[in-house]
Engineer: 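Take a look at the following structure, please.
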Amino acid sequence: MSTNLTESATQPLGAGRGRWLLLAAGLVLVGCFILPWLSFVITADQRVALSLTGLQAATIGLVETTDGGLLYRSSFWLFLAPLAGVVGLALGALNLFPGRSAPWQGLLALFISVASAVAVWGAFAASQEVAQKEKVAVEAQWGLSVAFIALLLLLVGALILLREASSQKPAFRAALDALNFMTPGTVLVIVFFFLPAIILFILSLTDLSSANFSEPWTYVGFDNYKRMFSDRFFPKILRNTFQYVALTLLFFNVGLALLLALLTAHVSRRVGFLFRLLWLLPRITPSVVYIVMWQRIAQQPPYGILNQFLGWLGVENQPYWIPEAPWVFVVLVNGFVGASFGMIIFTSAIEAIPADLIIAAKVDGAGDLALIRDITLPLLRWPLLFVVTYQTLSLLVSFEYILLLTNGGPGLFTTEVWALTAYKRALQTYFGSNQWAYGAAWGFVLVLIGAILSVIYLRVFRFNDLVQEPKIDVL
Amino acid sequence: MRSGVGPVKVSGTLSTVQMTLSSRRISPGQALPYLLLTLTIIPILAGYAWVLVATFSQRTNGLLPRDAQGNLGGLTLDNWQFLAEPDVWKATLNSFGIAMSMVIGVGAISALAAYALSRMNFPGRKGFLGMTMVLHAFRPEMLLIAIFQVLLFIGGIPLIGNFFGFNTVGGVALVMVTLDLPLGIWLMKGFFDNLSWDMERAALIDGASRFRVWWEILLPQIRPGLAALSIFMFIQGWNAYLIPFTFTIGSKVANLPVYINRFSGDTSLVSWNFVAAIGLFQLIPVLIFFIFTQEALLNIYGGGSKGGS
């Protein structure tokens, strides 16, 4: 048993997998090249060749055809793709023999696969324009797609080969190990967090909108920001944002949350659990359904639930309540979702209070209120601060419920908050115009504010303590 | 296992003390918490009650079912006719696809990254952790504007673009997975940090690879945590509205919330009972999770809620 394991230690897991990938990818690429070429030689029909793949175009000089107009504009660099196929086959074959792998092979395969992938991608993009007019080009696109995937496989094969070859050096191997685990997450975070953040900023310096979508972006400096700050409704939106965050936070996300945590801690354990659970319902209800519920609560008679109750109480004034009191509902709707977060945090903090403290206070004759005032609340200082900061950030950027409930209305900008403005300017079509660049300016300011605030919060909450704890191996 | 999630829970302290020290007789002061709790929860219960009633009636006045003449009654199953429409099932399938992508994507990717962050030392580790923390605290919905451009770009990549570009379920799923990655990574890292070192170390010394250790030794140990994260992610993906709404056009790729909203939006004539029925249809999986996984839900939502509000 132990000899087995020692053997596998010297021979890392996955050894020899790279060569099969290289062989397969090489075969596909060379096939992509040879098959259309053969069919071209046999039938002497350019269309047949083109309909199979675009790869052969570089070698048989098929840049433009005259019959049926421009079919497919090829690039000389496409020649790299079959070359990559040959390299893949050769390296794969070489690695079939033991002890022949070396880092340079992986590097070579890496280089050529990346280069030809870029070339194929370029050809694909160029053919997309043609694709709208010519069916043949669409078929060529399939060929290019297959080649592209094969090139990606080649790339992976090259990486594995590189890894296998260099795994003999321990330090290098440790870094590679970590890389393996981190790569998927890192790639996604870069593609959908960092790139967008940069793009957002660049976008905000241009004048891109759906009106000039197909043209290259034009740099306009800080015009969008100037326009934003001089917007007639800017003060109104700023006030709305402040009002939204402050009211929801004060009355619900912290206020009601604290009240609920205290109340559920002072009823019997099972009842407390039940109520906390019920308060989770709004959070897990699909937002669309949740908003429909509220709209139904506020409907005018005879449909509305609230008005039905009011009718029983003999109240005469029974309007559709959402346009009547939009802010009340914006805060209510968001608050009923938001309260549960603080409630759970506070509850666990309250439950963590040592029983001795409470017994001692009770023995000294403290009542419930005195208990809460003198023991519970002081001990909740940190959770309180955490919930306030965390939820401020969340509220600042959240707009989904407002979008669904009032969409910023009724009327002009009545309940429109900053985040909603950015979203609507950029992505919601008013009369078919998306002002991406202008919306990006609104959005970027908010991203900036949020990023700065969260960095400050991290300092306050002693981030370094969080990062240092785990077991780090020293193998 | 659960203590990785948020503050540590110490069972039975305050309320047990309350029970033992105070008399069993219910005084007005003791009834007050019950009263307040019941009063505050009313809107939620009313909303749910309406959905349940409206689903099975021709129309509703308040919470009471009415028939076409306005008399009490009029119970019907007509609202469920949408089940015969293929569009609904397509939307359901899309919703399910997004939800499962969230479960698998966030689960796998964050478990991988969290393992490295918890167990390995490599350059950039601290920076990555700090970054995920910032991203976790600040869910940048504002980035949607730029992500739109990224998705358009991905749409131009050969073959991949057909599945992950703009206006595809794959693209929506990819964006949603990424936006919830920071949360997943932090939760997972918490689970890994709490695991004992011994078995893993023994396996490593015996020559098992890192990946094998992760797959065969660590993952089975954090199964409860993984399950909790999966539930959370499923609900998140199943309920998703904003991102599918922003990044899809037309009914081919709409998911259930987007589909429902088309019937309850400002511009359309609202058929409330139909909306209630289809809403309940969408609520079913969520409610099943709600009923059967209460403990896990409460813990996970306390441990690291998404922004929401």
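Convention: sequence-line order gives letters A, B, ...; per-chain numbering from 1.
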Engineer: For the atom pair CD1 (B:I44) and CE (A:M293), what is the distance rounded to the nearest 0.5 Å?
Structural biologist: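 Answer for the CD1-CE pair, B:I44 versus A:M293, is 9.5 Å.
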Engineer: Please determine, among A:F194, A:Y290, A:F252, the option with the most heavy-atom pairs under 4.5 Å with chain B.
Structural biologist: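 Ranked by heavy-atom pairs under 4.5 Å with chain B, first place is A:F194.
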Engineer: Check whether any side-chain heavy atom of B:Q282 sits under 4.5 Å from a side-chain heavy atom of A:V288, and report yes or no.
Structural biologist: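 Result no, sub-4.5 Å side-chain heavy-atom pair not found.
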Engineer: What residue, out of A:I198, A:L278, A:T389, A:L262, has the most heavy-atom pairs lying under 4.5 Å from chain B?
Structural biologist: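 Highest number of heavy-atom pairs under 4.5 Å: A:L278.
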Engineer: If I measure from the heavy atoms of chain A, does B:P43 come under 4.5 Å with its side chain, its backbone, both, or neither?
Structural biologist: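 Backbone plus side chain of B:P43, per the 4.5 Å heavy-atom cut-off to chain A.
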Engineer: Using heavy-atom distances under 4.5 Å, tell me whether B:F128 contacts chain A through its side chain, its backbone, both, or neither.
Structural biologist: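 The side chain, not the backbone.
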Engineer: Heavy atoms, side chains only, cut-off 4.5 Å: are B:L287 and A:L281 in contact?
Structural biologist: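 A side-chain contact under 4.5 Å exists here.
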Engineer: What are the two closest non-hydrogen atoms of B:L283 and A:P286, and how far apart are they?
Structural biologist: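 Heavy atoms of B:L283 and A:P286 come nearest at CD2-CD, 3.6 Å.
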Engineer: I'd like to check A:V289 versus B:Y241 (side-chain heavy atoms, cut-off strictly below 4.5 Å). Are they in contact?
Structural biologist: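 No - every pair of side-chain heavy atoms lies 4.5 Å or more apart.
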Engineer: Given side chains that start at C-beta, do those of A:W279 and B:T40 come closer than 4.5 Å, heavy atoms only?
Structural biologist: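 Yes - at least one pair of side-chain heavy atoms lies under 4.5 Å apart.
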Engineer: Under 3.5 Å, is there a donor-acceptor pair between the side chain of B:N239 and the main chain of A:I284?
Structural biologist: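 Yes: the side chain of B:N239 pairs with the backbone of A:I284.
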Engineer: Are side-chain heavy atoms of B:L181 and A:F193 found at a separation under 4.5 Å?
Structural biologist: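 B:L181 vs A:F193: side chains apart.
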